[in-house]
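One structure is given below, encoded as structure tokens.
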Protein chains: 2
Amino acid sequence: MLTDRQLLILRAIVDDYIKTAQPVGSRTLSKRDDVTFSSATIRNEMADLEEMGLIEKPHTSAGRIPSELGYRFYVDHLIRPESITPKEAQALKSLFAHSVNENDRLIRHTADLLSDLTHYTTLVLGPKEEGQRLHHLELIPLAEGRVVIVLVTETGHVEHKTLQLNQALSQEAASRLMERLNQTLRGTPLSALRSRLLEEIRRFRSEHSEQTVLLSKALDLVLTDQEERPFIYLGGKANMFDQPEFQDVAKLRPVLELIEQQEAVLDFLRPNLDNQILITIGSENNVDALKDCSVIRAHYSVDGVSIGTLALIGPKRMDYNRGINSIIHLLQAFQTELHKNNLD
Amino acid sequence: MLTDRQLLILRAIVDDYIKTAQPVGSRTLSKRDDVTFSSATIRNEMADLEEMGLIEKPHTSAGRIPSELGYRFYVDHLIRPESITPKEAQALKSLFAHSVNENDRLIRHTADLLSDLTHYTTLVLGPKEEGQRLHHLELIPLAEGRVVIVLVTETGHVEHKTLQLNQALSQEAASRLMERLNQTLRGTPLSALRSRLLEEIRRFRSEHSEQTVLLSKALDLVLTDQEERPFIYLGGKANMFDQPEFQDVAKLRPVLELIEQQEAVLDFLRPNLDNQILITIGSENNVDALKDCSVIRAHYSVDGVSIGTLALIGPKRMDYNRGINSIIHLLQAFQTELHKNNLD
DNA sequence: GTTAGCACTCACTTTTAACGAGTGCTAATT
DNA sequence: AATTAGCACTCGTTAAAAGTGAGTGCTAAC
């Protein structure tokens, strides 16, 4: 177990390094107001901390920097929850002053706010649509057998897709089909939509089998599409450029390349279990491209249904305090807005 | 006027520099097969070319590199149109093997192809929707006075927006309204849609003034939105990382930042007049962030109308030959596909 | 008009030296 | 027994010096 003094020193090292990006030496620390003991004492303590694997030195004659374990300890034990000031809270509220009707826009807005707040890159995963329910289907025939299918969920989310039938669909046939399907299927969770639709098809096969089969394919496509490429938004990509650790293109490149890849982002963000804030540091990300990054992520949910992820990505030396607090408070405001939009 | 030998040397310098990114010296040139004269002669000619402002030296004891004027001359006079080989043409065709129904996807696909082909970054501006005509409007009431409005053009392009009415709109009212408006407005060019809608509103004011006014606002929003943020797609951003001139973050940053900004891209790409391929080199871009870049851009059009832009962005030292040829041929295939989708 | 020859330039690399922030250890101090 | 002052040592960083070589411009010869 660490002594109080060791805790103080460790915290000071991490805080300092987060601020300056420079290895922290014993002399620097000894000058702090909250440090009453000498640099030699600090050196002794540092040696112990290093032995425990909490800090390390880039080279013999440099100061110390936190190791991944050190950051981990800092995050787990040393962060002061530093509640947001009422003034800031007020400011945060006012950021959502005029509410945003569409969830997509709301998400974008939120991501941008978060990256402005923290100066890190924000990554938001849109709501899983599975949990949502169908509100309306619309089939709009174009010329030459091309058809636009539009799907609206109860939260007002819209998906659409154009597809090519091998025979033209008349306006009348389309609306008859839609009317029936809307009657039957409204309120169906998207996750169950496919199988329900199949049921419907079987039931009405005789009447308009051809179109219905095609339609089912179309819907399949819409649903698959949206499942495979859920809404991802990146905010504050440019903030990466400001981090001293990413001044080297070789360091910067893999990170930017990774977050531009939708699939990679999904793979990376999906396995997020509980509702809490989750912090992964460096190699904990299990992604080589992010070995020098830390990620703070939080699930958001509406009415208990957990639906998407809000993530903050920065260097390992990121300001965890600020990051966590920003994400917590923004998440709250965000969920409130989302809730408004989801009232049905 | 330049002599044949000077042309040969200039071309050799540009070609070489494009390939190696290293200043080209007289000795190097004298070793080429197509050069029969000595390095001293080359030095003399180089001095003349430099006097004319076509080449320059980074410093006294380096070889020569093309000046912007030199690139300009090269592009205007020295490029061999180097027709694509039948094999490549075939390959290009097959890239569009299975046609893509939606223009948006087609554009994305094309951009990715182009950047794969050239190893530069591609920037595609979607078609201006103004020229397109309304095919269908759909108004879908959600709970609590929220309404989704969906607009479909004759080419199958879909725009949608959610808005908040101050009183709920019934399903029936919505469909009555829509039926009438669709009858009247189908085929209206989007550019004329707003004023036409106003007309309609005036005519039917007595019947359902409240909703119609709101609807007009909604449509306004949809149209404005789509005008302000037309479809932009970027392909091959990562290719920038490979260019030796952008290994320095300070050089790379402004370029990446610029192309991420939709408005900036628009400002930059919009004033594109004719149908030809337009090449701007370095400062010709009139954008500070692109002072070290060249841009090859081409308009695309279908049946003479509906115009967007396909652009290739790379270092000044880009392979103009390959770029131009790739864009020309891809443009052709692209337009053919687009044409198929636009048959109405 | 062309070319060989040569002195000169200058970025780049390597070497050397000086610097200084920081360390670890030891002995003195509290 | 814990703390601290003192000091030799390490090592990255910076600056200056020296050497290297690709390339140039000029001149004189062909």
Side-chain angles (χ1 to χ4, degrees), chain A residues 1-10 12-17 19-67 70 244-245 247-248, chain B residues 1-10 12-17 19-32 34-67 70 244-245 247-248 251:
Chain A
M1 199 45 205
L2 294 177
T3 67
D4 280 352
R5 196 165 65 189
Q6 287 174 324
L7 292 179
L8 173 63
I9 291 175
L10 179 56
I13 291 174
V14 179
D15 281 343
D16 226 65
Y17 186 62
K19 214 175 292 163
T20 65
Q22 296 296 327
V24 190
S26 55
R27 223 180 87 86
T28 316
L29 284 187
S30 72
K31 286 201 208 117
R32 289 172 60 118
D33 290 346
D34 54 349
V35 171
T36 55
F37 33 91
S38 79
S39 65
T41 310
I42 296 176
R43 282 200 287 282
N44 285 332
E45 297 286 28
M46 276 177 160
D48 291 347
L49 289 172
E50 184 167 359
E51 215 159 85
M52 287 183 254
L54 293 169
I55 57 179
E56 55 196 25
K57 34 183 186 222
H59 57 87
T60 337
S61 68
R64 304 302 215 287
I65 62 174
S67 66
E245 28 271 278
Q247 286 310 79
D248 183 6
Chain B
M1 202 41 210
L2 295 176
T3 66
D4 279 354
R5 196 165 66 190
Q6 286 173 327
L7 292 178
L8 173 63
I9 291 174
L10 179 56
I13 291 174
V14 179
D15 280 344
D16 226 64
Y17 187 61
K19 214 176 292 166
T20 65
Q22 296 296 327
V24 190
S26 55
R27 224 180 86 86
T28 315
L29 284 188
S30 72
K31 287 200 209 116
R32 289 172 62 118
D34 53 352
V35 172
T36 54
F37 32 92
S38 79
S39 64
T41 311
I42 295 174
R43 282 200 287 282
N44 285 332
E45 298 285 29
M46 277 176 159
D48 291 347
L49 289 172
E50 184 167 1
E51 214 158 84
M52 288 184 255
L54 292 169
I55 58 179
E56 56 195 27
K57 34 183 185 221
H59 57 86
T60 338
S61 68
R64 304 300 215 288
I65 63 174
S67 67
E245 28 271 278
Q247 286 309 79
D248 182 7
K251 291 269 181 210

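Labels below follow one simple rule: chain letters A, B, ... track the order of the sequence lines, proteins then strands, and each chain is numbered from 1. Just so you know, these numbers use all the heavy atoms, side chains as well, and skip hydrogens, waters and symmetry mates.
- Atom CZ of B/F37 and atom C1' of C/dT2 are 11 Å apart (whole Å).
- The NZ-P distance, from B/K31 to C/dT3, rounds to 17 Å in whole Å.
- The line from CE of B/M52 to CG of B/L10 is 9.0 Å long, rounded to the nearest 0.5 Å.
- Residues passing the side chain to side chain donor-acceptor pair (under 3.5 Å) test with A/E45, sequence neighbours excluded: A/R5, A/Q6.
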If a protein heavy atom is under 4.0 Å from the base, mark B; if only from the sugar-phosphate, S; if neither, -; do that for nucleotides 12-30 of chain C going 5' to 3'.
-> ---------BSBB------
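- One can place CD1 of B/I65 at 16 Å from C1' of D/dA22, the figure rounded to the nearest angstrom.
- Distance, B/R5 CZ to C/dT3 C1': 11 Å, rounded to whole Å.
- Side chains of B/I55 and B/I9 form no contact here, defined as non-hydrogen atoms less than 4.5 Å apart.
- Residues B/K251 and B/E245 are not paired through a salt bridge, judged by the lack of any N-O separation under 4.0 Å between the basic side chain and the carboxylate.
- Evaluation of the salt bridge (Lys or Arg N to Asp or Glu O under 4.0 Å) rule for A/D15 yields no partner, not counting sequence neighbours.
- Judged purely by atom type and a 3.5 angstrom limit, A/S26 has no side-chain atom pairing as donor or acceptor with the backbone of A/R43.
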